Amino acid sequence: MLDTRLIGYWSDEVLYVGDMETNDIAFGHDGSGFSYWARVGGVFTVKRFTWNIDNQRLQIRFTCRLSGTWTVHLGHIRHYVTGERGCSSAWAAPYRISRADDALGNPTTVLTLDRRIGVGGQRFAYLRDTIEDPTRKRHKRRPP
């Protein structure tokens, strides 16, 4: 079973303005999703997964891990995947969705997990209903 309130793209960037890293998580209508971690300095990790809800717990099964570097080119972030491997680990935790203020005092919807998800966070603000894996537009190597 899926909790439709989770569907969309969530990030901690508006909760912790000025942080040196960002943690995002996305949930699709079809039970797919991914977590995204990036750090200033140009490194990132994406973990793709399938998800569902069982006994009021978010259940995630990781299927693939990608890592690499990112740069800004003409105002757009480009991701360069340098490592990819399959994985089959599982993760589960209770969660809650509530109203809260972001770092600037604006009201937002917040997803709070009872434990960290991988290297990522445990608290995310809802950003949008569209999910786009940043590594889907792959660049094999850096431009000269």
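Keep in mind the model is a prediction, meaning the values are calculated, not measured.
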Legend entry - Residues Asp24, Leu127; criterion side-chain contact (heavy atoms from CB on, under 4.5 Å); working and verdict: CA-CA 10 Å; Asp24 301 350; Leu127 289 187; 5.8 Å; no
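- Remark: Asp102 CG to Tyr126 OH distance equals 15.5 Å, nearest 0.5 Å.
- Shown here for Arg39 and Trp70, the closest heavy-atom pair between the two residues is O-NE1, 3.3 Å.
- Contact detail for Gly31 and Leu2: the closest heavy-atom pair is N-CD1, 3.9 Å.
- Through direct or indirect side-chain contacts shorter than 4.5 Å among Ile, Leu, Val, Met, Phe, Trp and Tyr, Met20 is connected to Val40.
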Inset, instruction - Apply side chain to side chain donor-acceptor pair (under 3.5 Å) to the pair Arg99 and Thr108, showing each step before the final yes or no. - result: CA-CA 6 Å; Arg99 298 294 292 165; Thr108 189; 5.6 Å; no
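- Residues forming a ring pair (Phe, Tyr, Trp, His ring centres under 6.0 Å) with Phe44 (at least two apart in sequence, or on another chain): His79.
- Taking every heavy atom of both residues into account, Arg57 and Pro94 meet most closely at NH1-CD, 3.5 Å.
- None of Ile97, Leu58, Asp12 except one satisfies the side chain to side chain contact (heavy atoms under 4.5 Å, CB included) rule with Leu111; the exception is Ile97.
- Legend: residues meeting side-chain hydrogen bond (donor to acceptor under 3.5 Å, both in side chains) with Thr63, ordered by chain and number and at least two apart, are absent.
- Among residues two or more places apart in sequence or in another chain, the side-chain hydrogen bond (donor to acceptor under 3.5 Å, both in side chains) test is passed with Asp30 by Ser32.
- The nearest pair of heavy atoms linking Ser11 to Glu13 is OG-N, 3.1 Å.
- Leu15 contributes atom CG, which lies 10.0 Å from atom CG of Leu104 (distance to the nearest 0.5 angstrom).
- Counting heavy-atom neighbours within 6.0 Å of Arg85 CZ, excluding the residue itself, gives a total of 12 or less.
- Under the 4.5 Å side-chain criterion, counting only non-hydrogen atoms from C-beta, Tyr9 is in contact with Phe34.
- Counting heavy atoms from C-beta outward, Leu66 and Thr45 have side chains that stay 4.5 Å or more apart.
- For Asp3, the side-chain hydrogen bond (donor to acceptor under 3.5 Å, both in side chains) partners two or more places apart in sequence, or in a different chain, are Arg5, Tyr95.
- Inter-residue side-chain proximity for Asn23 and Tyr16 is flagged as unmet; no heavy-atom pair is nearer than 4.5 Å.
- With rounding to the nearest 0.5 angstrom, the CH2 atom of Trp51 is 10.0 Å from the CD1 atom of Ile25.
- Listed for the Arg61 side chain is a donor-acceptor partner under 3.5 Å among the backbone atoms of Ser88.
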Inset, instruction - Dump the intermediate steps for side-chain contact (heavy atoms from CB on, under 4.5 Å) on Val43 and Trp37, then the final yes or no. - result: CA-CA 8 Å; Val43 296; Trp37 171 87; 4.0 Å; yes
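- A pairwise comparison of heavy atoms in Cys87 and Cys64 identifies SG-N, 3.5 Å as the closest pair.
- Checking side-chain atoms of Gln122 against main-chain N and O of Leu113 turns up a donor-acceptor pair under 3.5 Å.
- Distance CZ/Phe62 to CD1/Ile117: 4.0 Å, rounded to 0.5 Å.
- Taking Asp114 as the reference, Arg96 meet the salt bridge (Lys or Arg N to Asp or Glu O under 4.0 Å) condition, with sequence neighbours excluded.
- Considering all non-hydrogen atoms of both residues, Phe49 and Lys47 come closest at CD2-O, 3.6 Å.
- Between Asp101 and Pro107 there is a side-chain heavy-atom pair separated by less than 4.5 Å.
- Around CG of Asn55, the count of heavy atoms belonging to other residues, nucleotides or ligands within 6.0 Å does not exceed 12.
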